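All values derive from a computational prediction rather than experimental measurement.
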Amino acid sequence: MAEPVNIAKQIGQLSTAHSNSNEVELCSETPMFEINGEGDWSYLNSPLPAKFAKLFSSVLNYIDGEYFLITPVEKVKVLVKRHAIVLVDYDINDQDGLTFISSIGTKHAIANTSAVILLDDAIEIEIEIERGVKAGLGRACYYRYINQFVTD
């Protein structure tokens, strides 16, 4: 019996090789995808299930101040209202690194807390994750992080 195919992993592997490629043409200047302030995805104004958002997030790139989904054959603009990924929890690794879990079930590792950026007098926290994508902490995760790592 054949081994099951992990499409998300394959897309992620493909996107790594092509994430900064200018060879892929933009399909349209009009964004087809949108990510609202709570991290919910929509496609052509229709809600996108989390499993598809998780899949598409594996090819999400932040380039020159704009978000794109980039595959080896197409590039699609994404409108992001606040943060492309909302982080809802984290675990501390053995080497003082952190692994964040997003609202769509993706995991994002950072080497240490120096990668975490406090914005607007610590009212908001932003983390640059894979492919330049900006992630923000959800409310509960934000307060947990502040209580654990930020001192007066």
Colleague: Let me see the working for V24 and T71 under side chain to side chain contact (heavy atoms under 4.5 Å, CB included), right down to the final yes or no.
Modeller: CA-CA 8 Å; V24 181; T71 70; 5.7 Å; no
Colleague: Please lay out, stage by stage, how I127 and V116 fare under the test side chain to side chain contact (heavy atoms under 4.5 Å, CB included).
Modeller: CA-CA 5 Å; I127 302 166; V116 177; 4.0 Å; yes
Colleague: When rounded to the nearest 0.5 angstrom, what is the spacing between NZ in K107 and CD1 in I129?
Modeller: 14.5 Å
Colleague: Between V76 and C27, which heavy-atom pair has the shortest distance, and what is it?
Modeller: CG2-SG, 4.2 Å
Colleague: Hydrophobic cluster membership, with links at side-chain heavy-atom distances under 4.5 Å among I/L/V/M/F/W/Y: are I92 and Y145 in one?
Modeller: yes
Colleague: Is V133 reachable from L79 through a run of I, L, V, M, F, W or Y residues, each pair having side-chain heavy atoms under 4.5 Å apart?
Modeller: no
Colleague: Report the C-alpha separation of L87 and I101 in whole Å, then their side-chain angles, then the decisive distance to 0.1 Å, and conclude whether the side chain to side chain contact (heavy atoms under 4.5 Å, CB included) test is met.
Modeller: CA-CA 6 Å; L87 305 171; I101 298 107; over 6 Å; no
Colleague: Is there side-chain contact between V59 and F68, with at least one heavy-atom pair below 4.5 Å?
Modeller: no
Colleague: Quick one: pull up OG1 in T113 and CD in Q148 and give me the separation to the nearest 0.5 Å.
Modeller: 10.0 Å
Colleague: Any side-chain heavy atom of I125 sitting closer than 4.5 Å to one from I146?
Modeller: yes
Colleague: Do you reckon V73 sits in the same ILVMFWY cluster as L26, going by side-chain contacts under 4.5 Å, direct or chained?
Modeller: no
Colleague: Between T99 and N93, do the side chains contain a donor N or O and an acceptor N or O under 3.5 Å apart?
Modeller: yes
Colleague: List the atom of I85, the atom of S57, and the distance in Å for their closest heavy-atom pair.
Modeller: CD1-CB, 4.1 Å
Colleague: Compare all side-chain heavy atoms of K134 with those of Y62 and state whether any distance is below 4.5 angstrom.
Modeller: yes
Colleague: Under 4.0 Å between a side-chain nitrogen and a carboxylate oxygen: does that hold for E25 and K75?
Modeller: no
Colleague: Using the six-membered ring wherever Trp is involved, compare the ring planes of F33 and W41 and label them parallel, tilted or perpendicular (cut-offs 30° and 60°).
Modeller: perpendicular
Colleague: Nearest 0.5 Å please: distance from the CZ atom of F100 over to the CG atom of D89.
Modeller: 9.5 Å
Colleague: If you count heavy atoms of other groups shown closer than 6.0 angstrom to CG of N147, is the number above 12?
Modeller: yes
Colleague: Any salt bridge between K81 and E38, counting N to O under 4.0 Å?
Modeller: no
Colleague: With side chain to side chain contact (heavy atoms under 4.5 Å, CB included) as the criterion, how do M32 and K77 come out once you've worked through the C-alpha distance, each side chain's angles and the decisive distance to 0.1 Å?
Modeller: CA-CA 6 Å; M32 298 173 73; K77 224 177 222 190; over 6 Å; no
Colleague: Looking only at non-hydrogen atoms, find the nearest pair between G39 and S103 and report the distance.
Modeller: O-OG, 4.4 Å
Colleague: Would you tell me whether S102 and T106 have side-chain atoms, one donor and one acceptor, within less than 3.5 Å of each other?
Modeller: yes
Colleague: Any chain of hydrophobic side-chain contacts (each under 4.5 Å) joining L98 to V88?
Modeller: no
Colleague: How long is the gap from CD on E34 to CG on L48, to the nearest 0.5 Å?
Modeller: 12.0 Å
Colleague: Taking the six-membered ring of Y90 as reference, does the NZ or CZ atom of R144 fall below 6.0 Å from its centre and within a 45° cone about the axis?
Modeller: yes
Colleague: Can you tell me how far CG of N61 sits from OH of Y67, rounded to the nearest 0.5 angstrom?
Modeller: 10.5 Å
Colleague: How far apart are the closest heavy atoms of G37 and V86, and which atoms are they?
Modeller: O-CG2, 4.3 Å
Colleague: So, do I35 and D40 sit near enough that their side-chain heavy atoms are less than 4.5 Å apart?
Modeller: no
Colleague: From S58 OG over to E130 CD, what is the distance, rounded to the nearest 0.5 angstrom?
Modeller: 10.0 Å
